[in-house]
**Q** 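First the structure, which I've put down as structure tokens, then a few questions once you've had a look.
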Amino acid sequence: MHELTPIAPPVEHPDPLLGVRDLHYRYPDGTQALSGIRLDIAAGERIALVGRNGSGKTTLIKQLCGLLAPGSGQVYYQGRLLQGEHLEAGRLTIGYLFQDPDDQLFGHTVLADVAFGPRQQGLSAEQADAAAREALKRVHLADKAYKEPHHLSFGQKKRAALAGLLAMQPQVLLLDEPTANLDPRQEQVFLDLLKTFNGTLICVSHDLLFLYELCRRAVVLDQGRVAHDYSLDELVTQRGELRAHGLDFSFRLVLTPEADEAPAERGPACAPMAAEPTAAPLVTLEHYVFRYPDGTLALDRLDLGIWSGERIALVGENGAGKSTLLACLLGLQQGSGTYCFDGRPVTRRLQRTLWRQVGLVFQDCADQLFCASVEEEIAFGLRQLGLARAEIRRRGEEVLAMVGLEGFQQRVPLHLSGGERKRLALACVLAMRPRLLILDEPTAGLDPRSEALLLEILRGLEATLLLVSHDMFFVQALTCRTLVMHQGHILRDTATADFLQDRNLGNLNGLAFSYRQRGSDAIRALQHAHEQRHVHGHRHAGEEAALEHAHVHTHRIVHSHPGDDQAHEHPPRRFYGDDLPDHAHDPDRHN
């Protein structure tokens, strides 16, 4: 008898730092984002705000910092309504980290950007400069103080944006997907900084392993309402509730190679490096160099070959040169050295038509969706290819079915959920039938259910695939060859299975997930204990008579290995024993 832990009532505090009462909000296009939200947040709490794409999480934290005004209802901060002069003052003590750091970096230098907030708090130029420099030291960007923000890598931009908040010493930090697109080393920097933050922290994320390290309370939103409000331990143990809200990330917690929900363990069916010993690569780079206008060397004498049918992962720390390499492969940037596509040198003339051969799904797919309907979005690229209307319609129907968006033709792309937008962007690229498909951080910002669906789609594609990702689960599930970039070089070109077993290489390039492994182990143990929770009937041998009643017991399994080089077996698992003394077990009473 497996029972869910009873759902706790909403947490209420007698004197909350932040309070929300009957909050409703509707966007101008008519989308109802929040409906009747009631929430109390005490000073010093660490809250994970979770839910599927489109559940209202980002809308809610924008209400908490005053970026959006309630349609109806109230938001309180420090016991007063967050409006008027109190809102203006609150904006100086509530920090909001956007998902895309480009949304909050605007200065001519990183130092000017980080000092902007302290200046608004009334600090002198010297005091603001000192606060900014101290914050940059904390995020390991002191050497980038005079660099232009748009020349930083994505991870560096994210840390610069966080430094701008830390310099203001806020009482509240609101974080929207703080780990999206970060390499493991930079994730760890964020985790260490946020663990030492003494104020109130509210984190929106689909990354439950990161949240498990950082937060203790979980608030689950579903269709703009608070569906659950309880401890994070309770959330991660209840897979039924996780599944119901699109949050079940258990497919990443692989227990055994034969487990039904371990797609990564099976691995992809990989094409050989070349169909024939004499086959030429589809893509060839030899001694390729690219330098940005400010003098930054991004690619340094890089050599690379990609054969048709390969499924390749491109990994490395933020700033290693991955995005620059993609821009060069697409023809958006041109360096020096040799670049050949399908045996032809990529001259400036060929460079202008590479979009017909190479397709890219962006990190933020909103950057490539701009039409008024899904149908027009898919048709746009096909029209540039000169295809007839009938062929455009046929391909559109084909790719929408492929990505599970049948019937979406008249929907507005930017009104879709994050997972739907990602699949639409993929459909637009697939409709053009590129010879090389590039996926740039495809899991960024997706809820676990959308990740699982995307993984299923990608595993079924027959394409030459280049996957750029920090997500080692997807690297393992989708690729057979891994290229490791570091400071503009391809440091290692190896089989994915060998790369994943090379701990030293992972540590060198910021690709090791030590806290993720620790969190995975803890969550597996919690889930196992919860799922093996069942009722036993017992007869107690009393002094006068045998009394019969039921107990609920949580079972745990301890499994020790005799050694890595010693053979051993994993016997079938059964969960009937318990160690309570003085209990005479009746096996007929086990449910």
**Q** Is there a donor in the side chain of H206 and an acceptor in the side chain of E177, or the other way round, less than 3.5 Å apart?
**A** yes
**Q** Is the shortest side-chain heavy-atom distance between L426 and L458 below 4.5 Å?
**A**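 The answer is yes, as the side chains (C-beta and beyond) meet within the 4.5 Å cut-off.
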**Q** What orientation do Y230 and H228 show, parallel under 30°, tilted 30 to 60°, or perpendicular over 60°?
**A**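 It falls in the parallel class, under 30°.
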**Q** Quick check on the 6.0 Å ring-centre criterion: do Y212 and F210 meet it?
**A**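 Here the rings of F210 and Y212 have centres that are no less than 6.0 Å from each other.
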**Q** Walk me through whether L211 and V236 qualify under side chain to side chain contact (heavy atoms under 4.5 Å, CB included).
**A** CA-CA 10 Å; L211 293 174; V236 299; over 6 Å; no
**Q** For S55 and D222, which I'm curious about, is there any donor-acceptor pair between the side chains at under 3.5 Å?
**A** no
**Q** Could D102 and K157 be called an ion pair, given the rule that one side-chain N must be under 4.0 Å from one carboxylate O?
**A**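 Result for this pair is yes, salt bridge flagged.
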**Q** Locate the shortest heavy-atom distance separating L152 from A160; write the atom from each residue and the value.
**A** CD1-CB, 4.2 Å
**Q** Would you mind checking if D440 and K322 are paired as a salt bridge, meaning a charged N to carboxylate O distance below 4.0 Å?
**A** no
**Q** Using 0.5 Å steps for rounding, measure from the SG atom of C215 to the CD atom of E45.
**A** 10.5 Å
**Q** Counting only heavy atoms not in H150, do more than 12 fall under 6.0 Å of its NE2?
**A**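 More than 12 within 6.0 Å, yes.
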**Q** Counting heavy atoms not belonging to E398, are there more than 12 under 6.0 Å from its CD?
**A**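 For E398, atom CD is crowded (more than 12 foreign heavy atoms under 6.0 Å).
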**Q** Flag this pair as yes if the NZ/CZ of R119 is under 6.0 angstrom from the six-membered ring centre of F116 and inside a 45 degree cone about the axis; otherwise no.
**A** no
**Q** Please report the shortest heavy-atom distance between Y27 and A33, naming the atom on each side.
**A**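 Residues Y27 and A33, closest heavy atoms: CE1-CB, 3.5 Å.
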**Q** Between R38 and D22, is there a donor-acceptor pair closer than 3.5 Å when you use the side chain of the first and the backbone of the second?
**A** no
**Q** Is the closest basic N to carboxylate O distance between D40 and R21 below 4.0 Å?
**A** yes
**Q** Which heavy atom in L478 sits nearest to a heavy atom in R459, and how many Å separate them?
**A** CD2-CG, 3.5 Å
**Q** Would you find a donor on one side and an acceptor on the other, under 3.5 Å apart, between the side chain of D113 and the backbone of L105?
**A** no
**Q** How far apart are the C-alpha atoms of E134 and L166, what are their side-chain angles, what is the distance that settles it, and do they pass the side chain to side chain contact (heavy atoms under 4.5 Å, CB included) test?
**A** CA-CA 9 Å; E134 178 60 29; L166 295 178; over 6 Å; no
**Q** Checking side chain to side chain contact (heavy atoms under 4.5 Å, CB included) for the pair L67/I61: CA distance, chi angles, key distance, verdict?
**A** CA-CA 9 Å; L67 279 178; I61 60 171; over 6 Å; no
**Q** Check this for me: does any side-chain nitrogen of one of E213 and K195 sit under 4.0 Å from a carboxylate oxygen of the other?
**A** yes
**Q** Does E88 come within less than 4.0 Å of R91, counting only side-chain N to carboxylate O?
**A** yes
**Q** So does C371 get a backbone contact from the side chain of E377, meaning a donor-acceptor N/O pair under 3.5 Å?
**A** yes
**Q** Return yes if a side-chain donor-acceptor contact under 3.5 Å exists between Q78 and Q171, otherwise no.
**A** yes
**Q** Given 3.5 Å as the limit, does a donor-acceptor pair link the side chain of Q368 with the main chain of L360, or not?
**A**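 Yes: the side chain of Q368 pairs with the backbone of L360.
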**Q** Distance-only, no hydrogens or angles: does the R395 side chain make a donor-acceptor pair with backbone N or O of A431 under 3.5 Å?
**A** yes
**Q** Which heavy atom in G66 sits nearest to a heavy atom in L87, and how many Å separate them?
**A**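 Closest approach of G66 to L87: CA-CD1, 3.6 Å.
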**Q** Do S72 and Y25 meet the criterion of a side-chain donor-acceptor pair at a distance under 3.5 Å?
**A**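 Side chains of S72 and Y25: no pair found under 3.5 Å.
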**Q** Less than 4.5 Å apart, any side-chain heavy atom of V172 and any of T93?
**A** no
**Q** Between Q120 (side chain) and L92 (backbone), is there a donor-acceptor pair under 3.5 Å?
**A** no
**Q** Of all the heavy-atom pairs spanning G44 and T200, show the shortest one and how long it is.
**A**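 Answer, listing the atom of G44 first, then T200: N-OG1, 2.8 Å.
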**Q** What do the steps show when you test L416 against L424 for side chain to side chain contact (heavy atoms under 4.5 Å, CB included), and what is the final call?
**A** CA-CA 9 Å; L416 301 178; L424 173 58; 4.0 Å; yes
**Q** Treating K158 as the side-chain partner and Q99 as the backbone partner, does any N or O pair qualify as donor plus acceptor under 3.5 Å?
**A**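 Flag set: sc K158 to bb Q99 pair under 3.5 Å.
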**Q** Hey, does the side chain of K57 reach the backbone of G51 with a donor-acceptor pair shorter than 3.5 angstrom?
**A**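 Yes, the answer is positive, given that a donor and an acceptor are paired below the 3.5 Å cut-off.
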**Q** For Q410 and E375, indicate whether the former's side chain and the latter's backbone hold a donor-acceptor pair under 3.5 Å.
**A** no
**Q** Can you name the closest pair of heavy atoms from Q104 and Y96 and give their distance?
**A**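 The pair with the smallest heavy-atom distance is NE2-O, 3.4 Å.
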**Q** Has E234 got a side-chain atom pairing as donor or acceptor with S231's backbone, closer than 3.5 angstrom?
**A**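 The answer is yes, because a donor-acceptor pair under 3.5 Å joins these two groups.
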